[in-house]
Amino acid sequence: MDNVKVKIVSSSHHRLPAYGTPSAAGMDVRASIDKPIVLEPMQRVLVPTGLRIELPAGYECQLRPRSGLALKHGITLVNTPGTIDADYRGEIGVILINLSSEPFVINDGERICQMVVTRYSTVEWQTVDELGQTERGEGGFGHTGVK
């Protein structure tokens with residue numbers, strides 16, 4: 001497990017993103033809003049967090065749905081996982097969508113997503129005429145069937 005230092009600027013009056021347990025991979029991120037937002041069914045909204053971060057080179061930040069919001073209320077992220085690149089310095093915004101049939105109210109300080117900071121690799125493409133063979137081959141989208 002890596003322990004990486006990340007610079008953060010917060011204009012929110014809420015606590016910084018934090019891990020719920022010692023073994024948690026994701027930190028809860030809170031809404032930083034002046035007034036409640038009513039998210040109607042099938043509506044999406046950009047929710048401010050009041051957070052700006054400076055990631056070290058070679059790291060990214062991913063924003064992921066909170067399982068409780070998804071299961072209980074149908075609230076998820078449109079672009080999951082949302083990626084924050086190491087060179088982005090603007091405020092982190094979370095694009096939420098309501099997939100339920102009921103309006104959902106987002107209150108100031110509500111935990112709206114999970115944040116995971118992780119290393120990433122860059123790709124150098126190697127153009128070839130054909131790829132190596134595998135048992136699976138080109139099978140996809142249910143190819144392995146029900147087991």
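In what follows, every heavy atom counts, from backbone to side chain, and hydrogens, waters and symmetry copies are set aside.
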Where is the tightest heavy-atom contact between [X] and [Y], given as atom of each residue plus distance?
| X | Y | result |
| --- | --- | --- |
| Ile97 | Leu39 | C-CD2, 4.0 Å |
| Ile106 | Ala31 | CG2-CB, 4.0 Å |
| Val117 | Met27 | CG2-CE, 4.3 Å |
| Leu55 | Cys61 | CD1-N, 3.6 Å |
| Tyr59 | Tyr120 | O-CE2, 3.2 Å |
| Pro65 | Gln114 | O-CG, 4.0 Å |

Item to check | Qualifying salt bridge (Lys or Arg N to Asp or Glu O under 4.0 Å) pairs with a residue from residues 98-123, counting only residues at least two apart or across chains | outcome: Asp2-Arg119, Asp28-Arg111
Next on the checklist: Taking side chain to side chain contact (heavy atoms under 4.5 Å, CB included) as the definition, give me every residue that meets it alongside Ser11, ordered by chain and number, with sequence neighbours left out.
Outcome noted: none
Checklist entry - side chain to side chain contact (heavy atoms under 4.5 Å, CB included) with Val38: which residues, sequence neighbours excluded? => result Glu40, Pro103, Val105
Checklist entry - Which other residues belong to the hydrophobic cluster containing Val128, where Ile, Leu, Val, Met, Phe, Trp and Tyr are joined when side-chain heavy atoms lie under 4.5 Å apart, directly or via other members? => result Leu131
Item to check | For Trp125, the rest of its hydrophobic cluster, which grows through side-chain links under 4.5 angstrom | outcome: Val123
Next on the checklist: According to side-chain hydrogen bond (donor to acceptor under 3.5 Å, both in side chains), who are the partners of Ser100, at least two apart in sequence or on a separate chain?
Outcome noted: Asn98
Next on the checklist: Does any part of the side chain of Lys7, heavy atoms only, come nearer than 4.5 Å to the side chain of Ile53, both counted from C-beta?
Outcome noted: no
Checklist entry - Can you tell if the side chain of Arg66 reaches within under 4.5 Å of the side chain of Ile112, non-hydrogen atoms only? => result no
Let me check something: any side-chain donor-acceptor pairs from residues 18-25 under 3.5 Å, sequence neighbours excluded? List them with distances.
residue: Thr21; atom: OG1; partner: Ala24; partner atom: N; Å: 3.4

Applying a strict under-4.5 Å side-chain criterion to I, L, V, M, F, W and Y, I'd like to know whether [X] and [Y] cluster together.
| X | Y | result |
| --- | --- | --- |
| Val29 | Val6 | yes |
| Val4 | Met115 | yes |
| Leu16 | Val47 | yes |

Checklist entry - Under the ring-ring contact (aromatic ring centres under 6.0 Å, His included) rule, what pairs show up with a residue in residues 22-42, not counting sequence neighbours? => result none
Next on the checklist: Show every ring-ring contact (aromatic ring centres under 6.0 Å, His included) that has at least one partner inside residues 28-53, sequence neighbours left out.
Outcome noted: none
Compile the donor-acceptor pairs under 3.5 Å between side chains in residues 83-92 and protein atoms, sequence neighbours left out, one pair per line.
residue: Tyr88; atom: OH; partner: Glu91; partner atom: O; Å: 2.9
residue: Arg89; atom: NH1; partner: Ala86; partner atom: O; Å: 2.6
residue: Glu91; atom: OE2; partner: Thr49; partner atom: N; Å: 3.1
residue: Glu91; atom: OE2; partner: Gly50; partner atom: N; Å: 2.6

Side chains of residues 68-79: which donor-acceptor partners sit under 3.5 Å, not counting sequence neighbours?
none

